[in-house]
Amino acid sequence: MDFTHLRVASGFSLRYGASHPERLVERAGERGMGAVALTDRDTLAGAVRFTKACARAGVRPVYGVDLAVAPRHGTGRKRLRTPVRGGAFGDESAPRAVFLARDGAAGWAQLCRLVTAAHAAGGPGGQTRPVLPWAELTRGGLDGLVVLLGPEPEPGRALAAGRPDLAARLLTPWRELFGDALRLEIDASGPARTAARALGLALEQGVDPVLTNAVRYADPGQGPVADVLDAARRLVPIDPRGPLDNGERWLKDPAAMASAAAGIAEAAGHGRSVAHRLLARTEETAAACRVHPARDLGMGGVHFPEPHLAGTAGRTAQRALRSRCAAGMVLRRYDRDEKRWRRLEEELRTVERLGFASYFLTVARVVDDIRALGIRVSARGSGAGSLINHLLGIAHADPVEHGLLMERFLSPRRGALPDIDVDVESARRLDAYRAIFERFGEERVATLAMPETYRVRHAIRDVGLALGLDPEATGRLAKAFPHIRAADARAAFRELPELRGLDPDAHGGPRMWELVEALDGLPRAVAMHPCGVLLSDSSLRARTPVVPSSGEGFAMSQFDKEDVEDLGLLKLDVLGVRMQSAMAHAVDEVERATGERIDVDAPFAPGAAGPVDGRTYALIRSTETLGCFQIESPGQRDLVGRLQPATFHDLVVDISLFRPGPVGADMVRPFIEARHGRRVARYPHRDLEPVLRETHGVVVFHEQVIRIIAILTGCDRALADEARRALSDRERLGRVRAWFAEEASRRYDPEVVARTWEIVESFGSFGFCKAHAVAFAVPTYQSAWLKAHHPAAFFAGLLTHDPGMYPKRLLLADARRRGVPVLPLDVNRSDAAYRIELESESGVWGIRLALGEVHGITEAEAERIAAGRPYASLTDLMTRAAPSRPVAERLAKVGALDAFGGNRRDLLLRIAELHRQRRAAPGPGWGCLPLAGEGGPQLPLGDGEETAPAGLPDLTDGERLDAELEALGMETTGHLMAGHRAFLDELGALSARRLRDAGHGETVLVAGAKVATQTPPIRSGRRVIFATLDDASGRVALAFFEDSHAACARTVFHSWLLLVRGTVQRRGPRTLSVVGQAAWDLAELAELRRTGGLDAVAERLAGGDGGPAGGSGGGNDGEEKREEPGPVDRRIEMSTGYTLHPWADLKPPGDPAKAPRKLWHSSPGSAG
Amino acid sequence: MAAGARGVPGDSVLLSGRAAGAAFLAGGPAAALTGLAAPAARALCSYGLDTVGRIAAAPPGTLQRILGASTARRVHALAHGLDPTPVVPGAPPRSVAAEHRFGHDELDAGMRRRALLTLADELGYRLRGEGQTARALTLTVRYADRSATTRRRRLPEPTAHTPALTGTAYALHDALGLQRARVRAVALRAEELTETARATRQLSLDPGDDRRRRAEAAADRARRRFGPGAVGPAGNLDVA
């Protein structure tokens, strides 16, 4: 006896289902069910994972969706007034029905259509919940579906209210539309009375009944989790008096369902035969719903857009591609090169065999369209290795010149679609999307979904809301965690030092943490993926439901990027890269100010000299690379300092080496030694010399590994690439080794074979794709070039678009140190974006700060202010530009209005008055007695050019600094550490400049504003916290090892100004860092100095290893001693034999509570 | 005022001479000035006038621009140590308040109204006991995040009659239209108290009104005799 659950909601029903589809399928298989349906609410997003899980478990999938249907005659719901606080109740009154796909592809297409229609009615971003309008059902074309009407829709409700006659009447329209395809759902999980009535109605009216369990979770006992999800969905705390989930809605096994059926039949006054009929009907319905994943969903095939849209002009795609490539060869003057023609022929043959010509033409078309809009665009990734891409203009760099391989990108052995990623200017990314939509049409293009899942912070907040806990305490608890998985919450308490001092049971009790962990990984919301675009032929909307995304309202497929690949839809990644926008801005600024048009792509154009500018490489070698693409992090600057790149190829190698793999596998040292001539390059065999010569005998690139394997075994490069991929898979490694040994021994000596294999095995999985590196190295060179030759414009671009890791205040400090003057904010001179301006005294180009940087200013306001320049007086500014009051006050506080009067507080007073007047008398001519005359409205107080002094105390230096940091996030008048210099001298702390002369092993005190914290994965598996401090004279690199974490981690993550005691470690004439042992919050110490004097400070410094005063965090004194977190023993073993600390490399946490905006960078793995 | 600023109860500070008095005041924060409402104190602080000394030093014209004419004059005088309000020992309180705290988030409007009924009943009882009537009623609703909403309404005539207070309380509450707000406490404050003897009352043609008042008086007598919990409206929260 079998039973199929026809109504099952998984976690993809946002904030409703409590189990992942995989788990549900697993349980179905374990409980002996042959088929199971997935009917999520308002979405089909889980279908692909569901299908794959079913294939693994041997269960047949049935597809469906649970949609809300608008009642035919309006809801009759009154509109309540808007509440003053706390928000309105959500409207969940629309009745829901389940639609199951019956007839293969047609059924699936109809499901997609219905979901699309339901969301379209809901408005962009789902402002109101998706509801299917009745008109959509009457439109017809729904013969491929089976409809289940459950207790919720109108007939069911009428039944529940005891009106069977009304229920029968309400059934009629459904019967008219669907006839035999209509079923009445008997819900076994609800009260027996309702189920019995429904059964009675079904029998009376002659509609087939089916039995379901309205499943929301896989196992019994998950009722409380369902309650939490309901609370999170409706945004109200769980009402202990109100209806709670009864715990019955799990995936019950067939025996339980059979007994439920018997119970319901009895309650309805019928016998066993009715129960049997009920079960039989359910099985028949399930059996009728046949959708085959491969045939009907399109899984496993590829659907390209029609070639004519990519511009083939009547030829086949292959011919069009061939002719365009030939044209490209001529254009780039390669047409005499025999080698290139051969390479091109090879690539074209591969493309033809795989049938991907249309793909290349499509991508080329997209790139051309984007370029035509004047947006900087280039390909990244392994696509750079294809000569076809280069000839079509998709990739800049010449693959032949750099030795890049097509096989790394596209191989006849790998049927998978190649992945081409395209970088565009971040500021114009949406323009690029619109171009794609325009070219291919709405019916062929969609963006992708990106489900946001519950991680620990959101889980804590939602469980806190559900349990009715204090929101402030909940928020603090949530922020204390780094961004880890919710399932690791309790483990984190035991192991993470920065959570020391927090008692896990003090807040909601152990029940709370159980619920938090149960929410792990469930989708919470759906956002638009920031890069992906789907391109397909016109059957797109029959294959995937498309909903309007929030924000721009682009049509978004409900599937995410992995699912989309399985469905055979073509995905193109269009990434907005801020560095491209920054460079475009810099180039535009230079043109605006001097008329000179720079072309940063010129060195890479065909026939140019190439990237060989000496000043650029000199800048890179000096490690003053703040702001440059890829090479500004402390670790990169260290590597660049040791590597000393002198050519473009050196940059490519540097980028390839700077990753945890090569660093951990110690590939860097031999390379550097070989490069500087301290070591002689050795090759296992002279046949390999041409391959390894460029990297002095060290294997760095994937392409080199491919070539080595191909040379030694004599196989073709596509097979070699397959072998390379297998190197990182422990299971397949053995077979590859055996195959290699066998093939290579036929051609070479065993010693050579063994040596080569050793190299390949240890480095093969750590290499980097050279095509990627080349694609990255281009903007690296370009940004460094701009920094070397046009620093002011470069910084203007960086500050406007903020591409790098560091906070803007550090960029400003760097600009000042390099001699670029920083011109303050001035309403009569500043523009909405950062501009360069000639400073009058020195004749040097300086950066004028931007109005757009002011906290809370809107784009429109900034434009208005900039457009109305110059202003004669404050009144003039307030009249014509009309900034909002908080913005005007911030402008006054940071000195943008200093031209109108000396005292900033007086200006604040004036602004308040002008604002009051404006509010009191809105309309034209506000403010007053209309005096005839040219000056416009004059105030009765007779406002002149400057504001009369009002005798208020002006802002002190400290207050000015605070105002700048609050309004702009950066200090403009002087470095913020300058004010602490006297105090630091008293303590004997060294400045960054004086630190350079410190000796190895010396114990020092250093201080500064934190600009970065990182906890990268380290080979030994330890967790090391790296921090960078900035003081007026330079930067200090700090490292905290595990023994200091218990004392320091909290302070290091959550404070901004730090004082650190540690020992100096020198690793070279230029590179030094400080290994920290103790850390204190400098702001707290300064406050202590003010109130308690130097003695109090000395006492605090001597009193321990740092950390907050009073030892563990307050609030739980007097409880029994909590165990100190011990050292973390567990490590994660990666398949490459590399051990990883479990808390390293986590997603970045949010901004700290105190700082109004990002004041320092924190990496994956850092809690703050 | 000076005593309130920095004294320990029971302590006395001797200041001789005007100058010493001014110096004593000068260090104090602006909020120490009595009768200075919190918004006004915040406004002064935002203009840098955060100590009494600075307020005293500021030109009176500027104070006028910040606070308005009458407040500015008063504040200016206060900052110089001149406080003209008469000292009245043992004056009756100017307002009476009562608060009810729920132990949890109360989203049910019905329960909140019952709480308001309980509070209004208690306030009415206290007012009638003291022989006072209230002219205005203030409702404060506190939420789980410790913020609050306050609404105030003037009653049509001074009254201590519970149904009148309850009706106004209900009106204030319903005007907020709360749906999902996590209400943790409600408080009612009866203000602008005057003596009953001086209050006027609009007579009504409705005989029910007279009956209700007489019932209320009777209930008050019972409560005075048997304790405040002896008689009360059926919807009182304690009863449930």
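The chains referred to below are lettered A, B, ... by the order of the sequence lines, with proteins before strands, and numbering in each begins at 1. Quick caveat: nothing in here was measured; it's all calculated off a predicted structure.
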Can you check whether B/Ala175's main-chain N or O pairs, donor with acceptor, with A/Arg81's side chain at less than 3.5 Å?
yes
Donor-acceptor contact below 3.5 Å, side chain B/Arg65 vs main chain A/Leu909:
no
Which region of [X], side chain (C-beta onward) or backbone (N, CA, C, O), has a non-hydrogen atom less than 4.5 Å from a non-hydrogen atom of chain B, or is it both or neither?
X        : result
A/Leu469 : backbone
A/Arg241 : side chain
A/Leu952 : side chain

Applying side-chain contact (heavy atoms from CB on, under 4.5 Å) to B/Thr62 and A/Arg905, what does each step give before you reach the verdict?
CA-CA 11 Å; B/Thr62 308; A/Arg905 285 228 171 82; over 6 Å; no
Above 12 or not: heavy atoms from other molecules or residues under 6.0 Å from CZ of A/Arg461?
yes
Kindly indicate whether the side chain of A/Pro237, heavy atoms from C-beta on, has any atom under 4.5 Å from the side chain of B/Arg182.
yes
Test item: A/Val236 and B/Gln179 side chains (from C-beta on) under 4.5 Å apart, heavy atoms
no
Under 4.5 Å from a heavy atom of chain A, the part of B/Asp145 involved
both
Portion of B/Gln64 that has a non-hydrogen atom of chain A nearer than 4.5 angstrom
neither
Passes side-chain contact (heavy atoms from CB on, under 4.5 Å), A/Arg85 versus B/Leu176? Steps please.
CA-CA 8 Å; A/Arg85 287 291 301 272; B/Leu176 294 178; over 6 Å; no
So which of B/Ser147, B/Ala43, B/Gly61, B/Ala58 has the biggest tally of heavy-atom pairs under 4.5 Å with chain A?
B/Ser147
Scanning both residues in full, the closest heavy-atom pair of B/Ser46 with A/Leu908 reads O-CD1, 4.2 Å
